[in-house]
*Asks:* 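Have a look at this one before I ask anything.
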Amino acid sequence: MKKIDELSFEELEQATLEIGEPKFKSKQIFDWIHQKTVNSYDKMTNVGKKTKEELSKQYEFTKASIELKLESKIDETKKYVIMFEDGNVVESVYLKYKFGNTACISSQVGCKMGCHFCASTKNGYLRNLTAAEMLRQIYLIQEDTKEKISNVVIMGSGEPLDNYDNVLRFLSLINDERGQNISMRKITLSTCGIVPNIYKLADENIPITLAISLHAPTQEKREEILPIAKKYKLPDLMKSCDYYIKTTGRRLTFEYIMIKGFNDSLEDANMLSKLLKNMLANVNLIPCNYVREANIKPSGNLDVEKFKKLLTDNGINATVRRELGSDINAACGQLRNQFLKM
Ligand code: SAH
């Protein structure tokens with residue numbers, strides 16, 4: 001059956017007209033689904049029984065539930081395992097930053113990209129998430145924490161630009177002023193570099209922040225840890241980034257996980273500086289998380305600081321990502337893997 005919470009406002013209007021109800025009712029229904037975030041027709045108390053009956057003949061709600069929750073004792077980070085109707089699970093995270101309450105959501109169950117350092121891909125790819133399944137992660141976090149989410153990062157499991165249409169539908173729904181009304185400027189999408197879809201996204205004219213998982217300053221090193229780099233080469237990736245900046249006027253973020261003895265030398269920092277010279281960009285340095293299945297170790301704090309200083313001296317904006325919830329931070333995707341073994 002079709003899902004009611006997948007519909008855009010205009011599609012819901014159409015669905016309401018088709019069951020012979022006036023258009024204005026769709027505004028109330030949309031408000032129940034995406035503003036009050038109810039997950040059943042029963043809870044829509046100001047919508048008539050007949051309307052609900054007619055709609056429920058054709059449309060049902062997307063089901064999702066919190067199966068496991070870990071709460072940090074040192075900060076307010078919470079990690080969730082969320083299960084969907086078919087029994088598949090993903091990870092979502094609640095992070096409390098000074099600039100706002102942030103939800104980190106997944107876009108796929110598993111991932112095809114096979115990045116060597118990433119736990120999300122270790123069990124392979126199962127399926128794309130629908131737009132409503134991405135929304136539900138946020139709605140469930142809000143209901144559980146009783147806090148309004150103001151920022152979203154699509155940095156959980158999955159490659160969002162490999163699930164392009166559903167992600168775009170999600171962005172439009174979460175941004176809808178009749179729903180959660182989260183500004184596009186407060187949404188970050190992170191990609192390992194699916195070049196054709198970076199061009200496509202640039203042309204959508206939506207002011208989200210794009211983050212590129214760069215992780216190495218040369219083609220040779222990049223393809224050692226990111227298999228996708230063999231398909232989309234570094235010079236082509238950089239061209240697509242230039243296009244994104246030129247078209248949207250938005251500053252790009254380059255994520256750079258720091259792996260001990262692999263990409264953390266001062267020579268690497270100099271090559272990275274050359275690559276990003278004069279670009280409207282920030283570098284986000286992330287000491288890599290230990291992943292049991294991968295043989296990698298995080299760079300030492302001193303090496304991270306030296307790397308950052310050299311970038312800054314070379315005129316490149318760089319920050320070190322502050323680690324939150326380190327006591328529950330079974331690195332990216334590891335919580336799901338643990339859950340699957342339970
Ligand atoms: N597929 C997208 C988004 C998901 S991953 C992407 O590749 O960008 C979100 C970020 O977490 C990426 O930058 C990814 O490279 C990073 N990441 C994955 N495994 C990690 C690890 N073990 N330590 C630190 N960061 C990791």
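Predicted model, so just to flag it, every value in this text is computed and none were measured. Indexing begins at 1, ligand by ligand and atom by atom, following the structure's order.
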*Asks:* Nearest to atom 14 (C) of ligand 1 by heavy atom, Met155, Arg321, Glu255, His215: which?
*Replies:* His215
*Asks:* Polar contacts were defined as any N/O atom of the residue lying under 3.5 Å from an N/O atom of the ligand; does this apply to Phe117 and ligand 1?
*Replies:* yes
*Asks:* Taking side-chain hydrogen bond (donor to acceptor under 3.5 Å, both in side chains) as the test, write out the residues that go with Ser106, two or more places apart.
*Replies:* Ser157
*Asks:* Applying salt bridge (charged side-chain N to carboxylate O under 4.0 Å, His left out) as the test, list every pair that has at least one member in residues 151-166; sequence neighbours left out.
*Replies:*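 As it turns out, the salt bridge (charged side-chain N to carboxylate O under 4.0 Å, His left out) pairs with a partner in residues 151-166, which skip direct neighbours, are Lys112-Asp162.
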*Asks:* Would you mind telling me if ligand 1 is within reach of the side chain of Glu159, the backbone, both or neither, using heavy atoms under 4.0 Å?
*Replies:* both
*Asks:* Which atoms of ligand 1 are found less than 4.0 Å from any heavy atom of Gly156?
*Replies:* 4 (C)
*Asks:* Would you mind listing which atoms of ligand 1 come within a distance below 4.0 Å of any non-hydrogen atom of Gly158?
*Replies:* 1 (N), 2 (C), 3 (C), 4 (C)
*Asks:* Just verifying a value: how many Å separate Tyr41 OH and Phe61 CZ, rounded to the nearest 0.5 Å?
*Replies:* 5.5 Å
*Asks:* Ligand 1 versus Thr191, non-hydrogen atoms closer than 4.0 Å: side chain, backbone, both, neither?
*Replies:*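 Just the backbone.
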*Asks:* Mind checking whether His34 and Phe30 have parallel, tilted or perpendicular rings, split at 30° and 60°?
*Replies:* tilted
*Asks:* Within the 4.0 Å heavy-atom shell around Cys118, which atoms of ligand 1 are there?
*Replies:*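 Once the distances to Cys118 are compared, the set is 18 (C), 19 (N).
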*Asks:* Atom SG of Cys241 and atom CG of Leu237: how far apart are they, to the nearest 0.5 Å?
*Replies:*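 It is 4.5 Å, given to the nearest 0.5 Å.
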*Asks:* Mind checking whether Asn289 contacts ligand 1 via backbone (N, CA, C, O), side chain (CB onward), both or neither, at a 4.0 Å heavy-atom cut-off?
*Replies:*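 Both backbone and side chain.
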*Asks:* Using a strict threshold of under 4.0 Å (side-chain N to carboxylate O), is an ion pair present between Glu147 and Lys78?
*Replies:*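 Glu147 and Lys78: not salt-bridged.
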*Asks:* Pull out every atom of ligand 1 sitting under 4.0 Å from any heavy atom of Cys192, numbered as shown with elements.
*Replies:* 6 (C), 7 (O), 8 (O)
*Asks:* In ligand 1, which numbered atoms sit nearer than 4.0 Å to a non-hydrogen atom of Cys288?
*Replies:* 23 (N), 24 (C)
*Asks:* Hey, could you give me the SG/NE2 distance between Cys118 and His215, rounded to the nearest 0.5 Å?
*Replies:*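 Those atoms lie 8.5 Å apart.
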